[in-house]
Amino acid sequence: MSTDAWRARPRCDRTPAWAWLQALRGPFVAGFDLRAAFAADPARFEALAFEAPHLLADLSKAHWNAEIRSALNALAVETGVEAWRDAQLAGEPVNTTEGRAALHSALRAPRDPALPAPHADEVHAVLDALLAYAEAVRARAQSGQIDDVVHIGIGGSDLGPRLAVQALRGHAQGGPRLHFVSNVDAHEITALLPGLQARRTLFIVASKTFTTQETMANAQVARAWFLQNGGDESALAQHFVGLTTNLEAAAAFGIRHCFGFWDWVGGRYSLWSAIGLPIAIAIGAEGFRAMLAGAHAMDRHWAETPIARNLPIQLALLALWERNFLGFASRCVLPYHQDLARLPAHLQQLEMESLGKRVDLAGEPLPGESVAVTWGEPGSNSQHSFFQALHQGTTVVPIEFILVRQPTHTEPAMHAMLLANGLAQSRALMMGKSEAEARTEKASTAAVDIDAGVLARHRTFTGNRPSTTLLLERLDPASFGALVALYEHRVSTLGALWGINPFDQWGVELGKQMCNDLLPRLQSGDTGGLDGSTAGLLARLRGA
Ligand SMILES: O=P(O)(O)OC[C@H]1O[C@](O)(CO)[C@@H](O)[C@@H]1O
């Protein structure tokens with residue numbers, strides 16, 4: 001394909017492969033059963049286990065087979081996902097509605113004069129300065145000058161760093177305490193500040209645009225608190241640092257020390273940029289570089305692996321099949337690692353802000369559903385909350401288990417329990433329990449006067465519920481980087497398949513505009529032109 005081929009790709013529903021999938025769907029849905037699929041094919045696991053940098057993905061417990069995969073792989077070819085991917089990685093303006101590239105991969109490319117990545121000089125100049133600064137902050141913490149770092153940001157300027165700092169806490173030593181403030185609800189920042197000492201605290205103000213209401217409001221509160229609690233204007237420069245593409249606005253706020261990045265870094269893809277400063281403060285420069293290297297390894301896997309073994313592409317194809325042909329409306333991500341507790345929150349923005357669209361690149365309505373709702377919680381906690389519905393509810397939810405073979409703690413017996421729980425759940429979802437089996441079991445509610453057949457039906461599991469499992473050797477900076485990059489490329493590939501732009505977010509604008517209209521009305525009480533509900537609630541909120 002020519003270099004412009006990414007623009008002229010057919011939409012998924014206008015390809016022969018789509019028609020092929022439509023023809024396959026009916027018989028597949030009527031006849032497919034995971035238990036039978038494994039019984040019929042002893043090599044199913046080997047065929048559907050994918051090796052990628054730092055992890056293995058078991059896609060064998062998903063609802064698909066060799067024929068469906070052939071059609072899906074054809075779909076990837078016919079929709080030109082490789083041309084899209086190559087254009088993205090080369091810095092073409094794939095974010096068409098904003099006229100921008102989406103070059104987060106350039107942030108993690110190593111310095112290689114033989115193979116220079118786009119923007120390599122500016123990327124590495126900022127990276128070197130950022131990591132030197134992070135090490136200086138760590139040194140100030142170790143010499144007792146700084147106790148706390150408060151990162152103020154929201155959305156992509158919060159979720160990625162917050163996730164990473166927690167995920168990599170087993171690799172953090174000797175740094176200051178890190179706190180995150182995001183919500184415009186001041187309960188968050190006002191609960192934090194009284195426990196800090198102004199002259200021993202560093203505030204990071206992270207905002208790509210440096211105009212975001214929540215971040216600006218929190219930064220103003222932090223600044224006022226700093227000045228009222230022993231800090232003075234001259235000390236501000238030492239205690240406030242900005243991470244932004246809008247250096248002028250940061251300067252106008254009074255921040256003199258900034259690390260910049262570029263408009264081709266989308267907010268939800270920005271943890272690899274200067275926005276990752278708290279990660280570098282937590283795990284040090286070496287750890288941060290290892291995280292970038294892990295992500296880069298996944299970039300190369302995405303760029304170089306043929307479609308049939310390319311993990312981000314396979315995950316995207318499976319997601320499309322599950323959404324558009326099997327009708328699964330949500331997917332549940334379950335990290336069996338407490339340190340990945342924030343992963344579902346990060347993925348909610350990454351997946352739903354990127355793919356929650358209803359028109360394609362040409363502005364035409366999509367032919368079917370786009371993104372599934374992403375949700376989740378760490379295992380094993382989640383087993384004791386919503387797993388009842390996953391096993392016996394009427395809605396089938398594909399689940400993604402994330403297991404980590406080696407822990408960073410020293411309680412091997414508990415880690416074995418954790419892994420056994422994760423493994424047991426994916427197996428139980430698939431195997432289920434028949435009514436006949438349930439009848440043979442002794443019910444724990446034996447004392448209750450209930451017909452044995454009725455009780456057996458309550459204790460029956462249909463099984464055949466799909467899941468995928470990502471298996472990491474250990475959770476360290478490199479594997480974490482690879483894992484997050486995998487999800488980023490899954491999202492981009494889905495955008496390519498559906499023909500939508502995964503790098504803009506126009507859907508967040510309307511609410512912001514209406515907030516700007518309603519904020520002064522809360523003061524004035526003016527309800528002119530408002531709908532009845534909003535007017536009534538506004539009056540109540542004013543205490544009227
Ligand atoms: O970094 P900024 O400019 O403050 O934006 C924060 C977040 O707001 C959004 O624009 C949407 O609300 C996100 O895409 C972004 O990550």
Side-chain angles (χ1 to χ4, degrees), residues 94-104 107 126 130 150-165 180-185 188-189 203-223 240-253 255 258-279 342-357 371 374 484 487-488 491-492 495 500-519:
V94 289
N95 177 355
T96 49
T97 60
E98 297 180 304
R100 293 174 183 167
L103 263 177
H104 36 283
L107 299 168
V126 173
L130 186 86
V150 180
H151 180 92
I152 300 174
I154 197 164
S157 296
D158 166 74
L159 291 161
R162 202 191 278 246
L163 159 66
V165 166
F180 289 85
V181 170
S182 55
N183 204 325
V184 77
D185 179 351
E188 193 176 25
I189 194 165
F203 290 95
I204 301 173
V205 184
S207 175
K208 179 176 173 180
T209 55
F210 227 82
T211 58
T212 303
Q213 182 197 54
E214 293 92 333
T215 302
M216 294 302 104
N218 276 312
Q220 292 289 3
V221 168
R223 182 193 155 111
F240 280 75
V241 60
L243 313 174
T244 187
T245 59
N246 189 349
L247 301 176
E248 295 78 27
F253 180 90
I255 292 183
C258 271
F259 294 97
F261 56 109
W262 307 275
D263 70 358
W264 42 261
V265 182
R268 51 197 178 271
Y269 304 90
S270 67
L271 74 96
W272 325 98
S273 72
I275 293 291
L277 178 60
I279 310 170
R342 298 285 307 177
L343 182 65
H346 178 68
L347 295 183
Q348 280 170 349
Q349 188 199 23
L350 179 63
E351 298 180 4
M352 294 164 72
E353 193 166 86
S354 299
L355 299 168
K357 314 281 167 69
V371 75
T374 308
V484 176
Y487 283 117
E488 290 178 352
V491 161
S492 177
I500 64 181
N501 180 358
F503 302 116
D504 63 9
Q505 57 283 320
W506 298 106
V508 302
E509 294 303 325
L510 182 59
K512 288 183 189 174
Q513 286 164 12
M514 289 198 177
C515 178
N516 289 338
D517 172 53
L518 288 170
L519 187 56

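If you read the sequence from its start, that first residue is 1, and numbering goes on from there. Counting convention: from 1, in listed order, for ligands and their atoms alike.
Checked by atom type and distance alone, the side chain of Ser354 never pairs as donor or acceptor with a backbone atom of Phe503 at under 3.5 Å. The closest donor-acceptor contact from the side chain of Lys357 to the backbone of Asp504 lies under 3.5 Å. For the pair Asn246 (side chain) and Phe210 (backbone), a donor-acceptor distance under 3.5 Å is absent. A distance-only check finds no donor-acceptor pair linking the side chain of Asn95 to the backbone of Asn501 [under 3.5 Å]. A distance-only check finds no donor-acceptor pair linking the side chain of Thr212 to the backbone of Glu214 [under 3.5 Å].
Annotation for ligand 1: atoms under 4.0 Å from non-hydrogen atoms of Ser157 are 1 (O), 2 (P). Less than 4.0 angstrom separates some heavy atom of Gly156 from each of these atoms of ligand 1: 15 (C), 16 (O). Residue contact check: Ile154 has heavy atoms under 4.0 Å from atoms 6 (C), 7 (C) of ligand 1. Of all atoms in ligand 1, numbered sequentially from 1 with element shown, those under 4.0 Å from a heavy atom of Glu353 are 11 (C), 13 (C), 14 (O).
Between Phe253 and Phe240, the ring-plane angle classifies as tilted under the 30° and 60° cut-offs.
Residue contacts with ligand 1: Gly267 is placed with no nitrogen or oxygen under 3.5 Å of a nitrogen or oxygen of the ligand (distance criterion only). Considering backbone and side-chain N/O atoms, Arg268 never comes within less than 3.5 Å of an N/O atom of ligand 1.
Under the side chain to side chain donor-acceptor pair (under 3.5 Å) rule, Arg268 has a single partner from Gln349, Glu353, Glu351, which is Glu353.
Residue Gln505 touches ligand 1 through its side chain alone, judged by heavy-atom distances below 4.0 Å. Heavy atoms from both the backbone and the side chain of Thr209 come within less than 4.0 Å of ligand 1.
In this structure, of Lys208, Glu509, Lys512, Met216, the residue bringing a heavy atom nearest to atom 12 (O) of ligand 1 is Lys512. Nearest to atom 2 (P) of ligand 1 by heavy atom, out of Val265, Thr215, Asn246, Thr212, is Thr212.
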